Peer 1: 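Can you read through this structure? Questions will come right after.
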Amino acid sequence: MIPIRDVIPSRTTPYVTIGLLLANACVFLLAPASGAALDAFADAWGIVPVRFTLTSALTALFVHAGATHLLVDLLFLWIFGENVEDRLGHWRFLAFYVLCGLAAALLHAAVQPGSPVPAIGATGAIAGVLGAYLVLFPESRVLTYVILTLVEVPAVFLLVVWFTLHLLGGLGALPLLRSWDLGGLALPAHVGAFATGAALVLLLRRPERMRVEWWDRLAH
C-alpha cells in the first residue's frame, strides 16, 4: 500500500512542513551518495548511542541513507504533517516535531546504549506526527495505491497497520522487519515516538482550530 494523500484539506499554508521537506532534500543532495564517505557522514551527524548527544539527535533527523529512505520519509511527512501543523499552528508543530524526534533518539540510545552504529533519518519524528494524526483525525481516509488501484483506506487502518508492523518487528516477532530500517532508527524507537506524538498532541493542540467557525473568522 502506497498512501497518496488524505481527504482533509489544510486550511493554512504548512510552512514548517514545507521547510522540513526542503531541509531534508537539501541535506540529502549535499551529503555523500554512498560508500565510506556516506558512512563517515552518518557517523558525524547521526545518533551514535555510545556517544549520544542532543545535538546529534537533532542533526540525525535530516540525514538519510538513500533516495528510497528519503522519499518514504518525505511522503509520510507531507501527507500527515500538513494537517497536524494546521491544527497545532506553525511554531507549536515545529516544537512538536523536534520533541518527537528527540524522544525517538533517546529511546534508541536507551535500548542500545553501547552501540557504535550511527542511526539516521526523520522517521522517529514522523512517527510522532502519525500518532498525532491518529488522535486528531480518527475518521479521516487516505487515498492509497493498492495493487494498481486507487482506494480510500481509513486512516485508522493504515496507521494501526504501520504501528503494528513496527511493534512486532521491534519485539522480534517479525524477524524480517527487525532489520528493516525506513528511518535510520530502531523499530522500538518508532513505536515510542508514535506513542509520544499521540500523547503530546493532546497537550499542544489548539481546540479552537477544530471548530469550523474559527476557520471562517480566519478566512474573513
Side-chain angles (χ1 to χ4, degrees), residues 1-3 16-81 97-131 145 159 161-163 165-172 174-194 196-197:
M1 296 188 295
I2 303 175
V16 174
T17 299
I18 293 171
L20 290 170
L21 294 172
L22 292 175
N24 278 279
C26 287
V27 171
F28 178 76
L29 292 175
L30 294 173
S34 61
L38 177 59
D39 292 340
F41 188 82
D43 187 72
W45 300 104
I47 302 163
V48 181
V50 73
R51 48 182 171 82
F52 177 85
T53 66
L54 289 178
T55 300
S56 66
L58 291 174
T59 56
L61 292 174
F62 299 93
V63 182
H64 291 80
T68 301
H69 185 183
L70 174 72
L71 292 174
V72 170
D73 272 358
L74 298 193
L75 175 64
F76 275 80
L77 177 59
W78 175 247
I79 292 173
F80 299 103
Y97 184 88
V98 170
L99 288 172
C100 288
L102 290 177
L106 289 167
L107 181 57
H108 176 61
V111 170
Q112 302 184 42
S115 174
V117 180
I120 55 177
T123 309
I126 295 169
V129 172
L130 301 185
Y145 192 68
L159 296 176
V161 167
W162 185 98
F163 180 85
L165 287 174
H166 284 72
L167 177 62
L168 293 177
L171 293 174
L174 298 176
L176 179 63
L177 284 181
R178 193 165 179 81
S179 62
W180 178 35
D181 184 8
L182 290 179
L185 289 174
L187 294 176
H190 300 166
V191 173
F194 187 99
T196 298

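Keep in mind that this is a model prediction, so the values were computed, not measured. Just so you know, these numbers use all the heavy atoms, side chains as well, and skip hydrogens, waters and symmetry mates.
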Peer 1: Can you find a heavy atom in the side chain of Ile18 that is under 4.5 Å from one in the side chain of Leu22?
Peer 2: yes

Peer 1: Side chains of Leu130 and Phe76: does their closest heavy-atom pair fall under 4.5 Å?
Peer 2: yes

Peer 1: Is any side-chain heavy atom of Leu77 closer than 4.5 Å to a side-chain heavy atom of Thr17?
Peer 2: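 They are in contact (side-chain heavy atoms under 4.5 Å apart), so the answer is yes.
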
Peer 1: How long is the straight-line distance from CG of Leu71 back to CZ of Phe28, given to the nearest 0.5 Å?
Peer 2: 7.5 Å

Peer 1: Indicate whether any N or O donor in one side chain lies under 3.5 Å from an N or O acceptor in the other, for Thr59 and Ser56.
Peer 2: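 No.
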
Peer 1: Quick check: closest heavy atoms across Ala125 and Cys100, and the distance to 0.1 Å?
Peer 2: O-CB, 3.9 Å

Peer 1: Considering all heavy atoms of both residues, which atom of Pro49 and which atom of Ala109 are nearest to each other, and what is their separation?
Peer 2: CB-CA, 4.1 Å

Peer 1: For a 4.5 angstrom cut-off between non-hydrogen side-chain atoms, does Leu75 reach Ile2?
Peer 2: yes

Peer 1: Do you know the tightest heavy-atom contact between Pro116 and Val50?
Peer 2: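 Shortest heavy-atom contact: CA-CG1, 4.0 Å.
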
Peer 1: What residues, two or more places apart in sequence or in another chain, satisfy side chain to side chain contact (heavy atoms under 4.5 Å, CB included) together with Phe62?
Peer 2: Leu20, Ala23, Asn24, Val27

Peer 1: Kindly write out the residues that satisfy side chain to side chain contact (heavy atoms under 4.5 Å, CB included) with Ala57, not counting sequence neighbours, or none if the list is empty.
Peer 2: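 Counting only residues at least two positions away or on another chain, Ala57 forms a side chain to side chain contact (heavy atoms under 4.5 Å, CB included) with Phe52, Leu102, Ala105.
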
Peer 1: For Trp78 and Leu21, work out which heavy atoms get closest and say how close.
Peer 2: CE3-CD1, 3.5 Å

Peer 1: Would Val16 and Tyr97 satisfy side-chain contact (heavy atoms from CB on, under 4.5 Å), going step by step from the backbone distance to the final call?
Peer 2: CA-CA 10 Å; Val16 174; Tyr97 184 88; 6.0 Å; no

Peer 1: If you look at every heavy atom in Ala193 and Ala104, which pair is closest and at what distance?
Peer 2: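 Taking every non-hydrogen atom into account, CB-CB, 3.8 Å.
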
Peer 1: Excluding sequence neighbours, so at least two apart, what forms salt bridge (charged side-chain N to carboxylate O under 4.0 Å, His left out) with Asp43?
Peer 2: Arg51

Peer 1: Can you tell me how far the CG atom of Leu107 sits from the NE2 atom of His190, to the nearest 0.5 Å?
Peer 2: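 Answer rounded to 0.5 Å: 10.0 Å.
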
Peer 1: Just by distance, do the side chain of His69 and the backbone of Ala65 share a donor-acceptor pair under 3.5 Å?
Peer 2: yes

Peer 1: Do His64 and Asp73 come within less than 4.5 Å of each other through their side chains, counting heavy atoms only?
Peer 2: yes

